[in-house]
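Reviewing the structure listed below.
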Amino acid sequence: MKLFMMLSAAFLAVSTLSASAVTFATAVDWANNGTVPAGRDNPNAALGAPDGPFLSLGLTNADGSNPGFAVFTFGGPISGSNALTVIETTFVCNGAGPSCNNHFEEVEILIGQAGEYDFGTHDITDLSDFVSLGFLGNADAQGGTSLVINGAFTYIAFIDRSLAGAAAAGVGFPFLSSDGFDIESIAISIVPVPASLALMLTAIGGLGLLAARRRAA
């Protein structure tokens with residue numbers, strides 16, 4: 001199943017939390033699975049607006065063992081018709097899908113409800129009731145890739161699937177990731193009525209440009 005991508009470098013969502021145009025993740029449950037080096041192991045780097053630093057999820061084994069994953073929350077439940085934007089960082093990125101500058105990285109995105117995850121325990125078995133939204137490759141998320149989510153959720157989980165995806169695609173050394181999918185920022189925002197769509201896109205489309213400028217600096 002492939003991730004439905006919509007409005008690259010921009011996003012639109014309805015949230016019960018805020019009337020602001022953009023709501024970034026406020027907390028993350030992550031733990032180093034032993035594959036993430038210093039400098040990429042600060043979970044707070046994935047919170048807030050894109051500013052350069054990023055969090056590597058950790059490289060999940062091809063068989064799913066030793067998972068690299070993170071669970072994010074926005075401070076409370078989200079409902080309505082939402083969109084999620086994911087901004088990934090791979091330096092000097094060229095390519096498409098999960099192949100970015102010869103580094104194959106892929107992540108599965110899932111959503112969960114309140115009570116389905118014990119936040120702070122970092123227990124992947126708690127994600128068993130989460131609903132998968134599909135898979136996203138690092139090249140497609142460089143400028144900020146979005147998908148619409150219809151329905152309520154409290155948590156968004158990201159599970160690294162880089163090695164499993166590379167094996168399925170027949171990709172091997174030296175094009176494999178060493179520390180998994182990298183997240184610089186995730187966010188949701190309000191879905192405007194059609195008449196205000198152009199204005200909203202103008203206001204929030206700069207997120208992808210901001211991320212690109214930070215990486216180029």
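Note that the numbering runs from 1 along the sequence shown for the chain.
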For this session: Please lay out, stage by stage, how Leu176 and Leu163 fare under the test side chain to side chain contact (heavy atoms under 4.5 Å, CB included).
Result: CA-CA 7 Å; Leu176 301 178; Leu163 290 183; 4.1 Å; yes
Exercise. What's the verdict on side chain to side chain contact (heavy atoms under 4.5 Å, CB included) for Trp30 and Asp41, showing C-alpha distance, side-chain angles and the deciding distance?
Worked result: CA-CA 9 Å; Trp30 174 87; Asp41 60 350; 3.8 Å; yes
Problem set entry | Criterion side chain to side chain contact (heavy atoms under 4.5 Å, CB included) on Ile183 and Phe72, from CA distance to verdict | CA-CA 11 Å; Ile183 298 178; Phe72 292 84; 4.1 Å; yes
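Residues Tyr155 and Gln113 form no side-chain contact, since every pair of their non-hydrogen atoms from C-beta on lies 4.5 Å or further apart. A heavy-atom distance below 4.5 Å is not found between the side chains of Ser177 and Phe104. Using a 4.5 Å cut-off on side-chain heavy atoms (C-beta onward), Glu105 and Asp182 make contact. Residues Asp179 and Pro37 form a side-chain contact, since some pair of their non-hydrogen atoms from C-beta on lies under 4.5 Å apart. Side chains of Val131 and Leu110 form no contact here, defined as non-hydrogen atoms less than 4.5 Å apart. A 4.5 Å side-chain heavy-atom check between Glu116 and Asp126 finds every atom pair outside the cut-off. For the pair Ile188/Thr85, no side-chain contact is recorded, criterion being any heavy-atom separation below 4.5 Å from C-beta on.
Comment: Glu108 engages Arg161 in a salt bridge, judged by a side-chain N to carboxylate O separation of less than 4.0 angstrom.
Scanning both residues, Leu59 and Ser162, for their nearest heavy atoms gives CD1-CB, 3.9 Å. Annotation for Phe158 and Val86: closest pair CE2-CG2, 3.7 Å, computed over non-hydrogen atoms.
Residues Val71 and Ile186 do not share a hydrophobic cluster, clusters being chains of Ile/Leu/Val/Met/Phe/Trp/Tyr side chains in contact below 4.5 Å.
Note: Ser56 OG to Asn33 CG = 10.5 Å, rounded to the nearest 0.5 Å. Distance check, rounded to the nearest 0.5 Å: CG of Asp123 to OG1 of Thr125 gives 3.0 Å. In this structure, the separation between CD1 on Ile149 and CD1 on Ile156 is 4.5 Å, given to the nearest 0.5 Å. The distance from the CD1 atom of Ile159 to the CG atom of Leu127 is 5.0 Å, given to the nearest 0.5 Å. Once rounded to the nearest 0.5 Å, the distance linking CZ of Phe181 with OG1 of Thr60 reads 12.5 Å. In this structure, CG on Leu55 lies 8.5 Å from CG on Leu47, to the nearest 0.5 angstrom.
Screening Ile78, Ile109, Ile111 for a side-chain contact (heavy atoms from CB on, under 4.5 Å) involving Leu84 leaves a single residue, Ile109.
Aromatic rings from Phe130 and Phe153 are positioned such that their centres are separated by 6.0 Å or more.
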